[in-house]
Amino acid sequence: MSRIITLAFVLTTVYPILFVLLTSLKSTDEFYTNVWSYPHHFQWNNYSKALFDAHIGVYFTTSLIIVGISVICILILGALAGYALARLHVPYRNLILFLLLSTTFLPSETVIMPLYIMMSRMKLVGTYLSLIIPYIGWALPITIVIIQRFFVSLPNELIESARMDGCTETQTFRKVMAPLMLPALATCAIFSFVSLWGELLWASIALSMSKVRTIPFGILNFQSQFQTDWGPMAAAIALILIPLMIFFLFTQKYFVQGLTGGAVKG
């Protein structure tokens with residue numbers, strides 16, 4: 001029974017990817033003729049249309065810069081805050097963790113209006129920072145909680161031995177703890193990268209009056225009032241999936257370790 005459930009889960013996960021890949025090789029007319037059919041004539045020029053005619057290559061670079069800077073800042077700030085909440089004497093530590101967790105239950109739609117007003121007053125609307133700053137704020141709470149739980153799971157003897165050797169807190173974090181936290185960082189990096197790479201709602205609002213476009217926002221160029229160019233649009237979506245797959249392939253080992261690392265306290 002468990003194998004059947006696993007197989008069904010794999011099929012439901014893989015099939016949408018195959019559907020996008022097959023659609024990316026069809027013409028729009030062939031797509032409307034039979035949505036589920038195998039491509040009769042491979043339209044490789046859909047990818048060139050997506051890259052050059054629709055400027056997906058430019059949007060790809062923009063998304064990579066914005067998401068890359070955001071993820072790096074999230075990991076650095078999350079690691080420092082997680083270590084402090086796990087290993088240093090911080091007043092009201094549990095209350096802080098509760099407040100961090102409570103922010104993850106808020107729908108993003110509830111903060112769109114005040115966030116836009118704040119960005120507008122700071123004259124950041126339409127710039128890279130109008131996405132980077134909110135992205136960091138949205139992903140940072142859960143990152144702090146994950147890394148904090150990871151540090152709590154580590155034996156106290158590691159820190160005690162480092163302090164006995166004369167290490168300061170900064171040296172203990174950099175020389176002892178940082179090398180051990182790669183699984184937790186990989187887990188947080190994957191969660192943050194996947195969620196931010198495909199973010200559309202805030203990007204479409206913050207960049208609505210700007211020439212700056214991220215990939216999800218740029219894909220809307222394939223839609224017109226009366227028709228959607230499905231072939232190039234699917235090709236653009238396939239290009240979006242490439243960095244996600246590559247990123248996960250390189251970090252999946254540490255991702256699994258990070259998921260199980262805090263399960264049992266050492």
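Excluded from the calculations below are hydrogen atoms, water molecules and symmetry mates; all remaining heavy atoms, backbone and side chain alike, are included. Since this is a predicted model, take the numbers as computed values, not measurements.
Side-chain contact between V125 and M119 is present, with at least one heavy-atom pair separated by less than 4.5 Å. The shortest distance between side-chain heavy atoms of K26 and N46 does not fall below 4.5 Å. Side chains of W138 and I133 form no contact here, defined as non-hydrogen atoms less than 4.5 Å apart. With a 4.5 Å cut-off on side-chain heavy atoms, L22 and P39 count as touching. In this structure, F173 and M181 have side chains that are in contact, with non-hydrogen atoms separated by less than 4.5 Å. No side-chain heavy atom of I5 sits under 4.5 Å from any side-chain heavy atom of F9. Using a 4.5 Å cut-off on side-chain heavy atoms (C-beta onward), F150 and L185 make no contact. Counting heavy atoms from C-beta outward, I146 and I142 have side chains that approach closer than 4.5 Å.
Annotation: ring pair (Phe, Tyr, Trp, His ring centres under 6.0 Å) contacts of Y15 (sequence neighbours excluded): none. In terms of the side-chain hydrogen bond (donor to acceptor under 3.5 Å, both in side chains) criterion, residue partners of Y47 (sequence neighbours excluded) are, by chain and number, S24. Every residue meeting the side chain to side chain contact (heavy atoms under 4.5 Å, CB included) condition with L64, not counting sequence neighbours, appears here in chain and number order: F60, W197. Residues that satisfy the side-chain hydrogen bond (donor to acceptor under 3.5 Å, both in side chains) test with E199, not counting sequence neighbours, are Y135. L77 pairs by the side chain to side chain contact (heavy atoms under 4.5 Å, CB included) definition with I136, L140, not counting sequence neighbours. In this structure, S161 has no side chain to side chain contact (heavy atoms under 4.5 Å, CB included) partners at least two apart in sequence or on a different chain. Not a single side-chain hydrogen bond (donor to acceptor under 3.5 Å, both in side chains) links R213 to another residue, sequence neighbours left out. Partners of T170 under the side chain to side chain contact (heavy atoms under 4.5 Å, CB included) rule, at least two apart in sequence or in another chain, are T168. With sequence neighbours left out, the side-chain hydrogen bond (donor to acceptor under 3.5 Å, both in side chains) criterion links Y83 to E169.
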Please lay out, stage by stage, how R87 and L154 fare under the test side-chain contact (heavy atoms from CB on, under 4.5 Å).
CA-CA 10 Å; R87 295 300 182 178; L154 296 178; 3.7 Å; yes

Evaluate L85 against L100 for side-chain contact (heavy atoms from CB on, under 4.5 Å), listing each step before the verdict.
CA-CA 12 Å; L85 291 173; L100 288 173; 4.2 Å; yes

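Here CG of L200 is found 12.5 Å from CD1 of I215. Values are rounded to the nearest 0.5 Å. Here the CZ atom belonging to F31 is positioned 14.0 Å from the CD atom belonging to Q43, to the nearest 0.5 angstrom. Taking CD1 from I4 and OG1 from T6, the interatomic distance works out to 10.0 Å, rounded to the nearest 0.5 Å. Rounding to the nearest 0.5 Å gives a distance of 6.5 Å between CZ of F217 and OG of S208. Note that CG of L25 is 8.0 Å distant from OH of Y38, once rounded to the nearest 0.5 Å. Rounded to the nearest 0.5 Å, atoms CD1 (I96) and CD1 (I144) are 9.5 Å apart.
Linking Ile, Leu, Val, Met, Phe, Trp and Tyr residues whenever their side-chain heavy atoms come within less than 4.5 Å leaves I112 and M209 in two separate clusters. With hydrophobic clusters built from ILVMFWY side chains whose heavy atoms lie under 4.5 angstrom apart, I190 shares a cluster with I246. No single ILVMFWY cluster, assembled from side-chain heavy atoms under 4.5 Å apart, contains both L201 and I117. No continuous path of ILVMFWY side-chain contacts below 4.5 Å connects L207 to M113, so the two sit in separate hydrophobic clusters.
The main-chain N or O of L106 is never found under 3.5 Å from a side-chain atom of T110 such that the two would form a donor-acceptor pair. A donor-acceptor pair under 3.5 Å links the side-chain atoms of T127 to the main chain of L124, judged by distance alone.
Shown here for S130 and G126, the closest heavy-atom pair between the two residues is OG-N, 3.7 Å. The shortest heavy-atom contact between M177 and F151 is CB-CE2, 3.7 Å. What you find for T143 and G78 is that their closest heavy atoms are CG2-CA, 4.1 Å. Closest heavy-atom contact between I147 and C188: CG1-SG, 3.9 Å. Contact record, S192 with I74: OG-CG2, 3.9 Å, taken as the closest heavy-atom pair. Nearest approach of A203 to L131, heavy atoms of both residues: CA-CD2, 3.8 Å.
Grouped by direct or indirect side-chain proximity (heavy atoms under 4.5 Å, Ile/Leu/Val/Met/Phe/Trp/Tyr only), V10 sits with V14, L18. Grouped by direct or indirect side-chain proximity (heavy atoms under 4.5 Å, Ile/Leu/Val/Met/Phe/Trp/Tyr only), L99 sits with Y92, L95, F98.
In this model, no donor atom of one side chain and acceptor atom of the other lie less than 3.5 Å apart for W202 and Y116.
Within the structure, side-chain hydrogen bond (donor to acceptor under 3.5 Å, both in side chains) contacts touching residues 57-77 (residues at least two apart or in different chains) are Y59-N221.
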